2 protein chains.
Amino acid sequence: MSAVGSSSPVGRPRAFDIDTALEKALEVFWRKGYDGTSLSDLTDAMGINKPSLYAAFGNKEQLFLKAIEKYESRPCAFFMPALEKPTAYEVAEHMLYGAAANMANKDQPQGCVVIQGALSCSEAAAAVKEALINRRLEGQQKLLQRFERAKAEGDLPASVDAETLAQYLGTVLQGMAIQANNGATPEQLQRVAKMSLLAFPR
Amino acid sequence: MSAVGSSSPVGRPRAFDIDTALEKALEVFWRKGYDGTSLSDLTDAMGINKPSLYAAFGNKEQLFLKAIEKYESRPCAFFMPALEKPTAYEVAEHMLYGAAANMANKDQPQGCVVIQGALSCSEAAAAVKEALINRRLEGQQKLLQRFERAKAEGDLPASVDAETLAQYLGTVLQGMAIQANNGATPEQLQRVAKMSLLAFPR
DNA sequence: CTTAATATGTACTAAGTGGTAAGTAACCCT
DNA sequence: AGGGTTACTTACCACTTAGTACATATTAAG
């Protein structure tokens, strides 16, 4: 058997780095949304031609979905690490402050591509929209499970409605994405984060 | 001088009602966003041909802006009436519960066209995006002014940061629009509304 | 050096985009 | 009945869209 993986497969080698190209595509989708992004936008940003794009990523829709995966696995991702905090309050705290820093970070497009990539969209983007909705619901589901665990651990009172708590937190996080698009600064979002924590049971 | 107004102007009379056509256009823009809506989508929904659309509304962009005006002046609009409530808390309360009912209302597209009409978009939609951002900021500005009045009236403690309060409320309202797009029910949003009021100073 | 395999650039397709020209139909006023 | 004015219908425009055929270039293996 021959070696598998990225080490010199037969044929002409790819002239671009697939990961940095995906990063470029992500940035365009993030700024312009799925409907607002054309293939020319993508090939221009990625520095490749259309046949290379189609060979490497399938088509526009699959490229988008791969870009979303990349987005969620970024080093600056704040969601999953926050879930690991010891108490429910700290989970919420880290998630809110992480979002405040991340969504208004001037080094990248404002907001969150999972929220604004295909919110209202054409029929051509219906599958993409659905995929994004599912991602958002999964995130909220993870919060819900974390808060139920906190109830089981006695960290949250048994009387707490974990579902509403998770949905409230999801609402604030998603609202922060819009605020970032409105031009809100990280500092402003931090103050919003602090205030929204006042509703959190201790 | 002849009579002005809608009473029999010269020429062939318009064969469609301009207001109901605008209502149809609004619904399409609301569901599909500016970039996701084509002129064919619009003419199909409005039941007219392109030249009629252009004669009556200018072009796609102007039609969108007129549709937004219509949206904000709807009978079901909850924003402005809520501002008139006697106390800051009641203002927030009515706004949040109004949003919960409105944004998840199954008789219309989910969410809010001012938020999702052109969040991430193409360069062709840049002017529209800017117009929507301004509308959102104006709404928040109105909230801020209302809360500052409440402070002056002694209804809110002088120590309250009215700006953050307004921004927090804006964040929750905008987050509710995303939640509605995720499929949240009016009841779920009501629980979120109730919870977000816990952060509100009394 | 040839062959097989993959990537590349150029050029193309069919369909859809926003927007318009031009002829015709319907109305009011004289 | 005719003229003036407006709206409607049909057909079109130039351009962009997502996606692809094809010939060429670059590599590894035999």
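Because the structure is predicted, anything quoted here is derived from the model rather than measured.
- If you measure from atom CD of Glu123(B) to atom C1' of dT16(D), you get 14 Å, rounded to the nearest angstrom.
- Side chains of Gln108(A) and Asn102(A): a donor-acceptor N/O pair is present below 3.5 angstrom, by distance only.
- The one candidate from Trp30(A), Phe64(A), Phe79(A) that meets the ring-ring contact (aromatic ring centres under 6.0 Å, His included) condition with Tyr71(A) is Trp30(A).
- From the 5' end on, the contacts that DNA chain C makes with chain A at under 4.0 Å to a non-hydrogen atom open and close at dA5(C) to dT10(C).
- Heavy-atom distances to DNA chain C give each of Lys50(A) and Ala55(A) a nearest nucleotide, and the one nearer the 5′ end belongs to Ala55(A).
- In this structure, Ser40(A) reaches the dT17(D) phosphate: one of its side-chain N or O atoms is under 4.0 Å from OP1 or OP2.
- Listed nucleotides dA29(D), dC8(D), dT26(D) differ in distance to Arg12(A); the shortest reach to its side chain belongs to dT26(D).
- Place Pro51(A) and Pro13(A) on DNA chain C by their nearest nucleotides, and Pro13(A) ends up nearer the 5' end.
- Remark: C1' of dT20(D) and CG of Leu53(A) are 13 Å apart, rounded to the nearest angstrom.
- Put simply, NZ on Lys32(A) is 14 Å from C1' on dT17(D), counting in whole angstrom units.
- The nearest whole Å value for the distance from the CG atom in Asn59(A) to the P atom in dT20(D) is 8 Å.
- In Glu90(A), the CD atom is crowded: over 12 heavy atoms of neighbouring residues, nucleotides or ligands sit closer than 6.0 Å.
- OP1 or OP2 of dC8(D) has at least one side-chain nitrogen or oxygen of Ser52(B) nearer than 4.0 Å.
- Both Gly11(B) and Phe16(B) sit near DNA chain D, but only Gly11(B) has its closest nucleotide nearer the 5' end.
- Asp35(B) and Ser122(B) share a side-chain donor-acceptor pair at under 3.5 Å.
- Lys60(B) places its NZ atom 19 Å from the P atom of dC15(D), with the value rounded to the nearest Å.
- Separating the CZ atom of Phe29(A) from the C1' atom of dA18(D) is a distance of 12 Å, rounded to the nearest angstrom.
- Heavy atoms of other residues, nucleotides or ligands lying less than 6.0 angstrom from NZ of Lys32(A) number more than 12.
- Across all strands, Thr37(A) comes closer than 4.0 Å only to sugar-phosphate atoms, never to a base (heavy-atom distances).
- Heavy atoms from other residues, nucleotides or ligands lying under 6.0 Å from CD of Glu130(B) number 12 at most.
- A donor-acceptor contact closer than 3.5 angstrom is absent between the side chains of Asn49(A) and Ser52(A).
- The distance between atom CG of Leu39(A) and atom C1' of dT20(D), rounded to the nearest whole Å, is 12 Å.
- Straight-line distance from the CG atom of Asn49(A) to the P atom of dA18(D): 15 Å, rounded to whole Å.
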